[in-house]
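Here the structure is laid out as structure tokens; the discussion comes afterwards.
First the proteins, then the strands, lettered A, B, ... as listed; each starts at 1.
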2 protein chains.
Amino acid sequence: MTQPKTDPRILRTRKLIMDSFMELSGEKEFKDITVKDITTEAMINRATFYYHFEDIYDLLEKVLSEVLLVNLDCEFYKNEKLNEEVIVSIFMAITNFQKSLSNRCHRGYEDTIARIIREQLEIVFYKLLCNQHPTKDEQSLKVTAVMLSWGIYGASVEWRRSGKKVSPEEYIKLAIPFLI
Amino acid sequence: MTQPKTDPRILRTRKLIMDSFMELSGEKEFKDITVKDITTEAMINRATFYYHFEDIYDLLEKVLSEVLLVNLDCEFYKNEKLNEEVIVSIFMAITNFQKSLSNRCHRGYEDTIARIIREQLEIVFYKLLCNQHPTKDEQSLKVTAVMLSWGIYGASVEWRRSGKKVSPEEYIKLAIPFLI
DNA sequence: TTCAATATGTTGTATAAACGACAAATTTGA
DNA sequence: TCAAATTTGTCGTTTATACAACATATTGAA
């Protein structure tokens with residue numbers, strides 16, 4: 001139940017690294033950011049970086065996941081069903097997240113970003129489905145979560161591609177009757 | 001010549017503490033800020049605070065000194081004489097510093113702040129005098145620095161009291177013919 | 001291409017920071 | 001005014017971070 005709470009130094013150092021990375025990715029391309037840049041900005045030793053992250057791609061992955069999770073506001077979904085309100089708010093979280101990314105320089109990593117978004121969505125949908133259908137078998141719920149995650153992500157891609165003529169709410173609501 | 005450069009953790013922790021203190025002093029009165037408040041904001045342990053500072057007054061002193069020194073831009077004075085330009089820039093540094101303090105909540109500590117400003121000024125003037133009169137004896141230069149520091153500080157008090165009718169440059173220039 | 005410079009990861013050892021417990025002082029509010 | 005709660009300041013032990021040295025990529029300019 002109560003995990004052996006992590007050392008505050010770890011939380012602080014990770015925050016310093018992640019904040020520095022976000023700062024730098026607002027200034028230059030991801031491919032031009034080095035570990036040295038990050039650790040200098042964060043005022044930590046380069047070796048300490050490797051204590052917390054595999055490499056710079058691992059950092060990208062964890063930063064994006066965390067930012068996306070904040071956008072998703074997962075606390076809100078505790079004991080929540082997969083209703084219209086939840087789907088709309090998830091869809092808006094994704095579009096907001098992608099909007100915030102457009103200020104950053106991650107060109108050439110669109111695939112990685114897409115994968116991260118989809119993986120996080122799958123986790124969220126799986127939790128929601130477990131709430132709603134506690135008796136159903138695990139495999140069915142997992143496959144459903146996969147499909148929903150691809151579906152919602154794809155919808156966000158198409159919405160942007162279509163020139164954002166309608167609001168994200170309106171757009172996703174068009175599909176909801178067929179989903180639930 | 002080359003001092004055994006301080007551990008980066010020390011620099012980082014001091015910065016975290018000082019930044020947090022400045023942040024908090026923009027939110028509430030100095031007397032209402034506790035060591036716990038600061039260390040929570042800075043994400044460091046309370047014991048670590050005492051590793052770096054005697055107490056909260058020591059922190060106030062060091063923060064103000066540092067902010068003032070940044071305003072004074074001491075690097076600029078290296079090998080500089082005590083000419084009109086330098087005096088004007090010192091005077092403006094003080095008035096700017098006091099202006100930036102007015103956004104913070106240090107009511108009841110005006111005397112402490114005044115003392116800190118004067119002490120820093122004394123150091124700066126002493127250095128300048130040493131540049132200008134390397135042959136003169138130490139005691140004379142020290143007393144002169146004391147008088148100049150009180151004088152300039154007093155001028156800043158009177159300038160503000162007079163309603164700031166003239167710009168700080170104009171105000172201090174009135175006295176310069178009698179100083180150099 | 002070549003080669004110098006820079007970046008990446010990895011180690012063992014030294015040190016700053018976290019923890020938690022403590023007594024003493026100060027603040028609060030009943 | 002008194003008692004409870006909070007804050008302050010200190011100490012010994014454990015742990016994360018700094019350092020410096022290293023071999024190995026990767027980059028970039030001649």
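- Heavy-atom neighbours of A/E54 CD from other residues, nucleotides or ligands within 6.0 Å: at or below the threshold of 12.
- Mapping A/I56 and B/F49 onto DNA chain C by nearest heavy atom places A/I56 at the nucleotide closer to the 5' end.
- Under a hydrophobic clustering in which Ile, Leu, Val, Met, Phe, Trp and Tyr are joined whenever their side-chain heavy atoms come within less than 4.5 Å, directly or via other members, A/I176 and A/M92 fall into the same cluster.
- Remark: P of D/dT7 and NZ of B/K31 are 14 Å apart, rounded to the nearest angstrom.
- Ion pairing of A/E158 with A/R161 is present here, as a side-chain N (NZ or NE/NH1/NH2) and a carboxylate O approach within less than 4.0 Å.
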Would B/F49 and B/F21 count as a ring pair (Phe, Tyr, Trp, His ring centres under 6.0 Å) here? Give the steps.
CA-CA 12 Å; B/F49 175 92; B/F21 175 70; 9.1 Å; no
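- Heavy atoms only, all atoms of each residue included: B/H133 and B/L141 are closest at O-CD1, 3.9 Å.
- The two residues B/I38 and B/S20 have their closest heavy-atom pair at O-CB, 3.8 Å.
- Taking 3.5 Å as the limit, the base of D/dT17 and the side chain of A/R9 contain no donor-acceptor pair of atoms between them.
- Distance from the side chain of B/R46 is smallest to C/dA21 among D/dC19, C/dA16, C/dA21.
- As a whole-Å value, the separation of A/L59 CG from C/dG9 P is 12 Å.
- Summarising the geometry, the separation between CG on A/D55 and C1' on C/dT10 is reported as 14 Å, rounded to the nearest angstrom.
- One interatomic measurement links the two molecules: CD1 of A/I10 to C1' of C/dC19, which rounds to 14 Å at whole-angstrom precision.
- Comparing C/dA18, D/dT10, C/dT15 by their nearest atom to the side chain of A/D7 picks out C/dA18.
- Using five terminal pairs a side, the axes of the helix from C/dT1-D/dA30 to C/dA30-D/dT1 at its two ends make an angle of 70°, given in steps of 10 degrees.
- DNA chain D is contacted by B/R12 of residues 12-29 of chain B, taking any non-hydrogen atom closer than 4.0 Å.
- Note on A/K15 versus A/D19: salt bridge recorded, some NZ/NE/NH1/NH2 to OD/OE distance being below 4.0 Å.
- Electrostatic pairing of B/D58 and B/K62 counts as a salt bridge here, judged by a charged N lying under 4.0 Å from a carboxylate O.
- Atom pair B/L11:CG and D/dT17:C1' shows a separation of 14 Å (rounding to whole Å applied).
- For A/H52, no side-chain nitrogen or oxygen approaches OP1 or OP2 of D/dA16 to under 4.0 Å.
- Classification of the B/Y171-B/F91 ring pair by plane angle, with boundaries at 30° and 60°, yields parallel.
- Listed nucleotides D/dT17, C/dG20, D/dT15 differ in distance to A/T48; the shortest reach to its side chain belongs to D/dT17.
- Between B/K173 and B/E169, no side-chain nitrogen of the basic residue sits less than 4.0 Å from a carboxylate oxygen of the acidic one, so the salt-bridge criterion is not met.
- Side chain of A/Y51, nearest nucleotide from D/dT17, C/dC19, C/dT8: D/dT17.
- Interatomic distance, B/L24 CG to B/C105 SG, rounded to the nearest 0.5 Å: 10.5 Å.
- Residues A/A47 and A/Y50 both approach DNA chain C. Their nearest nucleotides, taken by heavy-atom distance, put A/Y50 toward the 5′ side.
- Ion pairing of A/R118 with A/E122 is present here, as a side-chain N (NZ or NE/NH1/NH2) and a carboxylate O approach within less than 4.0 Å.
- Listed by residue number, the members of residues 33-45 of chain A with any heavy atom below 4.0 angstrom from DNA chain D are A/M43, A/I44, A/N45.
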